[in-house]
Number of protein chains: 2
Amino acid sequence: MARKRFDDSSCSVARALNEVGDWWSLLIVLQAMYGTRRYVDFQQQLGIAKNILCDRLSRLVENEVLTKVDVGEHGSRFEYRLTDKGRDLFPVVIALRQWGDKWNPAPDRPPLDLRDRDSGRPIKQIQVQDADGKPLSLRDVFLPNLDSGPAD
Amino acid sequence: MARKRFDDSSCSVARALNEVGDWWSLLIVLQAMYGTRRYVDFQQQLGIAKNILCDRLSRLVENEVLTKVDVGEHGSRFEYRLTDKGRDLFPVVIALRQWGDKWNPAPDRPPLDLRDRDSGRPIKQIQVQDADGKPLSLRDVFLPNLDSGPAD
DNA sequence: TCAATTAGGTTTCATAATGCAACCCTATTG
DNA sequence: CAATAGGGTTGCATTATGAAACCTAATTGA
């Protein structure tokens, strides 16, 4: 049967996963953050099938994570660029990357290190923080409106 | 054909997505963070098919995101609990939640607000930061070892 | 005590998604 | 003017997904 969708789920995580929660979408966004913009480059760098890439790019454009820009005068060359919404996935991608580096480090090569362009220093481990910037763990946190249910 | 797996990808995001990158896994982890521990509760709260739930729980246990604990003396009652690795997905889930709340707000109800248990104040918007805690955008960041390629 | 229910799964089967290869069309290049 | 590159679409075989039915062991209710 059809894969279950979460378009109207009351849970925002579910709705988010509805847009970028499949195997390829987030990798495409990641690749876009690395600077990739063109169809063929996505295809080669990700090793994704062309029809799947087409479908995912369309969906990402539809969901306004990417925009399809016609570069090249005659309408035969396009670029897929991140929108603000897409760029806002930056913390998601970084959090995932850091989690992957920590718990599934590559056997051979060191983790990719991202650095601050200004200072040249590595970025901080991403964390959930309170209003003052103090790091919070899962246990330090609660939901005041739990009566309405955590949804989903 | 079989879905492409990324077990040995050089990209840690790809490896991470290999473990929690499908439609259900992250939602199961989220539910676990809300306190759900039992099979039937996952099933009802997520509305997931039982066979899929079985498969995902097994995979999450296999990947050490959850542990299966035998509570109940006779071996017929189990709990699935987050491991440290699973709890470490907290920033990922929160980042996704905040992204979803920002860009796909629920039409009816307000976004779920998480609060610091100590101060009672809402948590901060999650962000990528430099070593001093200064927020960084995608453009403020670079990869010193880009020569080896952004991986993947 | 004995039937019903709960918990945790497995099986079956129809439908949808995925991956690969082979095409197609339009520009550009040599 | 043929070859190639960019950006897709189509067909088909293989998987994954979802719903419902079924199964087994333990617990509950009357």
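Below, chain A is the first sequence line, B the second, and so on; all start at residue 1. Just so it is clear, the values below take in all heavy atoms, side chains as well, and ignore hydrogens, waters and symmetry mates. Bear in mind the structure is a predicted one, so any value in this text is a computation, not a measurement.
- Ile48(A) places its CD1 atom 14 Å from the P atom of dT9(D), with the value rounded to the nearest Å.
- Remark: C1' of dA26(D) and CG of Asp70(B) are 12 Å apart, rounded to the nearest angstrom.
- Taking for each of Val40(A) and Trp23(B) the nucleotide of DNA chain D with the nearest heavy atom, the 5'-most of the two is the partner of Val40(A).
- Whole-Å rounding puts the Gln43(A) CD to dG19(C) C1' distance at 12 Å.
- For Tyr80(B), a side-chain nitrogen or oxygen approaches OP1 or OP2 of dG9(C) to under 4.0 Å.
- When the C1' atom of dA25(D) is taken as reference, atom OH of Tyr39(B) falls 15 Å away, rounded to whole Å.
- OP1 or OP2 of dT18(C) has at least one side-chain nitrogen or oxygen of Arg56(A) nearer than 4.0 Å.
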Strand DNA chain D in bracket notation, Watson-Crick/G-U under 3.5 Å with | for pairs to another chain: ||||||||||||||||||||||||||||||
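- Proximity of Arg77(A) to the phosphate of dA27(C): no side-chain N or O atom is located under 4.0 Å from OP1 or OP2.
- Shown here for Gln129(A) and Leu136(A), the closest heavy-atom pair between the two residues is C-CD1, 3.6 Å.
- A salt bridge does not link Asp70(A) to Lys68(A): none of the charged nitrogens lies less than 4.0 Å from a carboxylate oxygen.
- Between Phe42(A) atom CZ and dA5(D) atom C1' there is a gap of 18 Å when expressed in whole angstrom units.
- Look at Lys68(A) and you'll find a side-chain N or O under 4.0 angstrom from OP1 or OP2 of dG8(D).
- Protein atom CD1 of Ile52(B) is 18 Å distant from nucleotide atom P of dG8(C), rounded to whole Å.
- Under 4.0 angstrom from either OP1 or OP2 of dA16(D) there lies no side-chain N or O belonging to Trp24(B).
- dT10(D) atom P lies 11 Å from atom CG of Asn51(A), rounded to whole Å.
- OP1 and OP2 of dG19(C) both lie 4.0 Å or more from every side-chain N or O belonging to Lys50(A).
- The residues Arg121(A) and Asp132(B) are annotated as salt-bridged, a charged nitrogen and a carboxylate oxygen being separated by less than 4.0 angstrom.
- At a threshold of 4.0 Å, the pair Lys85(B)-Asp88(B) does not count as salt-bridged, since none of the basic side-chain nitrogens sits closer than that to a carboxylate oxygen.
- Considering Val92(A), Ile94(A), Val93(A) as possible partners of Phe90(A), the one that fulfils the side chain to side chain contact (heavy atoms under 4.5 Å, CB included) test is Ile94(A).
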Tell me which donor-acceptor pairs under 3.5 Å the side chains of residues 52-65 of chain B have, and how far apart each pair is, sequence neighbours excluded?
residue, atom, partner, partner atom, Å
Arg56(B), NE, Asp22(B), OD2, 2.3
Arg56(B), NH2, Asp22(B), OD2, 3.2
Ser58(B), OG, Cys54(B), O, 2.6
Asn63(B), ND2, Arg59(B), O, 3.2

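- Within the structure, every pair that satisfies the salt bridge (Lys or Arg N to Asp or Glu O under 4.0 Å) test and touches residues 23-43 of chain A, not counting sequence neighbours, is listed here: Arg37(A)-Glu79(A).
- Residue Leu53(B) contributes atom CG, which lies 9 Å from atom P of dG9(C) at whole-angstrom precision.
- Among the protein residues, Asp55(B) comes within range of no part of the nucleic acid, since none of its heavy atoms lies under 4.0 Å from any strand.
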